[in-house]
Number of protein chains: 2
Amino acid sequence: MILSKTCDYGLRAVLYVATCLDREYISIGEISEKLNISFHFLTKILQKLTDKNLLISFRGPKGGVKLTRPAGTITLLEIIQAIEGPDFFDKCLLGLEKCKDDNQCPLHQHWSPLRLQLKNLFQQNTLETMAEMLKTNQFRITDLTVRF
Amino acid sequence: MILSKTCDYGLRAVLYVATCLDREYISIGEISEKLNISFHFLTKILQKLTDKNLLISFRGPKGGVKLTRPAGTITLLEIIQAIEGPDFFDKCLLGLEKCKDDNQCPLHQHWSPLRLQLKNLFQQNTLETMAEMLKTNQFRITDLTVRF
DNA sequence: TATATATCGGACAATATTGTCTTAAATTGA
DNA sequence: TCAATTTAAGACAATATTGTCCGATATATA
């Protein structure tokens, strides 16, 4: 699989938040219930995202989390990198440190552009485009799994 | 990461075998030592490959494993599918069952060809091409890690 | 035949990932 | 101020993955 379950949960959770237009803070309890994700586990994942300034959290009644920026400006890549690490898409397929352009392994040559495309794929899709997709096509967010 | 550690081990082990030209059976002990992989763990992984008829094993002194077919006819894809499952490269990125061509999610549209390319990448490279690479470039097999 | 060497097969252990629970702190509203 | 609600933080448990060990079986060679 390409992404960890943790990352999958994180992505789907913020996507859910993005679909909640015109609402203030969305409680983690609601998210976990709707998406069928362990509440406490999700709490920790989203904490990571608030630490990275992708979400703002608020305690107490009417509390929860909300996006720091408009959904159209938050890419899936940002979420993934916040959870999996910033260099998630920047490694050689073969783990060769010296796999440089002048000394390529046969996979590298082909993997390099692929890796870039994959990264771009996540970078070009924002939470808004994903939310749009959910509306126009008849996908329910509960059916999503962003995993290989 | 894209491949499990188990799969990485399996790939590197058969690659090592492929580089041992003009030798009969290669003992798993030797492979595990050279590649720094737990012997017993590797044994199980290679057993899976002998079950799938990619390797032939032989017990006793001078025993070990060897490729069933010439290295040039064994693709990396075969090894990966034997270990990770035959449908490893055939799943929708979003896990949507009904993610068909007529009702695509925005990621699917781009992921679909990417997935195919990735699969082809592993299908087009045989153990022989990989072994060649190790000879012509100065990569040592001990530096390899076939992971994301 | 006896011994050494190798894979086979299963049980078991260590580690990493995922999931649960409990208490603390912040906030709202009565 | 007090009770209810919600995130924060850490301990702990369950599960999956990875790694270890031991005995059985097969084979070569002396």
Side-chain angles (χ1 to χ4, degrees), chain A residues 1-14 17 20 23-68 83-85 88 145-148, chain B residues 1-14 17 20 23-68 83-85 88 145-148:
Chain A
M1 80 220 44
I2 203 169
L3 297 174
S4 68
K5 221 164 175 181
T6 298
C7 196
D8 173 40
Y9 288 169
L11 278 166
R12 285 161 53 208
V14 291
V17 172
C20 297
R23 295 178 57 192
E24 257 298 303
Y25 291 94
I26 312 296
S27 84
I28 300 177
E30 173 185 338
I31 304 171
S32 75
E33 208 169 285
K34 287 282 176 54
L35 299 183
N36 234 306
I37 302 172
S38 147
F39 168 70
H40 294 283
F41 191 41
L42 185 57
T43 292
K44 281 177 204 166
I45 299 169
L46 296 187
Q47 248 173 268
K48 215 182 266 194
L49 296 178
T50 62
D51 289 347
K52 296 265 176 19
N53 227 40
L54 291 166
L55 293 177
I56 295 172
S57 70
F58 201 76
R59 300 200 222 190
K62 308 211 165 180
V65 296
K66 69 174 180 184
L67 305 177
T68 43
I83 293 175
E84 304 279 22
F88 191 68
T145 321
V146 194
R147 304 189 75 192
F148 205 153
Chain B
M1 80 217 47
I2 203 168
L3 297 174
S4 68
K5 222 163 172 179
T6 298
C7 195
D8 173 40
Y9 289 169
L11 278 166
R12 284 161 52 206
V14 290
V17 173
C20 298
R23 295 178 56 191
E24 258 297 305
Y25 291 95
I26 311 297
S27 83
I28 301 178
E30 173 184 339
I31 305 171
S32 75
E33 210 169 285
K34 288 281 176 54
L35 300 184
N36 233 305
I37 301 172
S38 147
F39 168 71
H40 294 283
F41 192 41
L42 185 58
T43 292
K44 280 176 204 166
I45 299 170
L46 296 188
Q47 246 173 271
K48 214 182 268 192
L49 296 179
T50 63
D51 289 347
K52 296 263 173 27
N53 227 41
L54 291 166
L55 293 177
I56 295 173
S57 70
F58 201 76
R59 300 199 222 190
K62 306 212 167 184
V65 296
K66 69 174 180 184
L67 305 177
T68 42
I83 294 174
E84 304 278 23
F88 190 68
T145 321
V146 194
R147 304 188 75 191
F148 204 157

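Throughout, protein chains are lettered first and strands after them, A, B, ... in sequence-line order, and every chain is numbered starting at 1. Given the structure is predicted, the values throughout are model-derived calculations rather than measurements.
Aromatic ring orientation, Phe41(A) versus Tyr9(A): perpendicular (interplanar angle above 60°, classes split at 30° and 60°).
One can place NZ of Lys66(B) at 14 Å from P of dT7(C), the figure rounded to the nearest angstrom. The distance between atom CD1 of Ile45(B) and atom P of dT17(D), rounded to the nearest whole Å, is 13 Å. Atom-to-atom, CZ of Arg12(B) to C1' of dT18(D) comes out at 14 Å; the value is rounded to the nearest Å. At whole-Å resolution of the value, CD in Glu84(A) and C1' in dT18(C) are 13 Å apart. The distance from atom CD of Glu24(A) to atom P of dT7(D) is 14 Å, rounded to the nearest whole Å. One can place CD of Glu33(A) at 14 Å from P of dT5(D), the figure rounded to the nearest angstrom. Separating the CD1 atom of Ile26(B) from the P atom of dT5(C) is a distance of 18 Å, rounded to the nearest angstrom. Atom CG in Leu35(B) sits roughly 13 Å away from atom P in dG19(D) (whole-Å rounding).
Checked by atom type and distance alone, the side chain of Glu84(B) pairs as donor or acceptor with a backbone atom of Ser4(B) at under 3.5 Å. A donor-acceptor pair under 3.5 Å links the side-chain atoms of Thr68(B) to the main chain of Leu54(B), judged by distance alone.
Using a 4.5 Å heavy-atom cutoff, the side chains of Leu49(B) and Ile83(B) are in contact. Inter-residue side-chain proximity for Leu55(A) and Leu67(A) is flagged as met; some heavy-atom pair is nearer than 4.5 Å. Under the 4.5 Å side-chain criterion, counting only non-hydrogen atoms from C-beta, Leu35(B) is not in contact with Leu42(B). At a threshold of 4.5 Å between non-hydrogen side-chain atoms, the residues Ile45(A) and Ile37(A) do not count as touching.
If you check residues 47-56 of chain B against DNA chain D, you find no residue with a heavy atom closer than 4.0 Å.
The side chain of Thr43(A) contributes no N or O atom lying less than 4.0 Å from OP1 or OP2 of dT7(D). Here Ser57(A) does not reach the OP1 or OP2 of dT6(D): none of its side-chain N or O atoms lies under 4.0 Å away.
Atom NZ of residue Lys66(B) and atom SG of residue Cys20(B) lie 13.5 Å apart, to the nearest 0.5 angstrom. Rounding to the nearest 0.5 Å places NZ of Lys62(B) at 13.0 Å from OG of Ser27(B).
No engagement by Leu46(A) is indicated, since no non-hydrogen atom pair under 4.0 Å with the nucleic acid exists.
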Given protein heavy atoms under 4.0 Å, the one-letter contact record of nucleotides 19-28 of chain C, with B base, S sugar-phosphate only and - none, is simply BBBB--BBBB
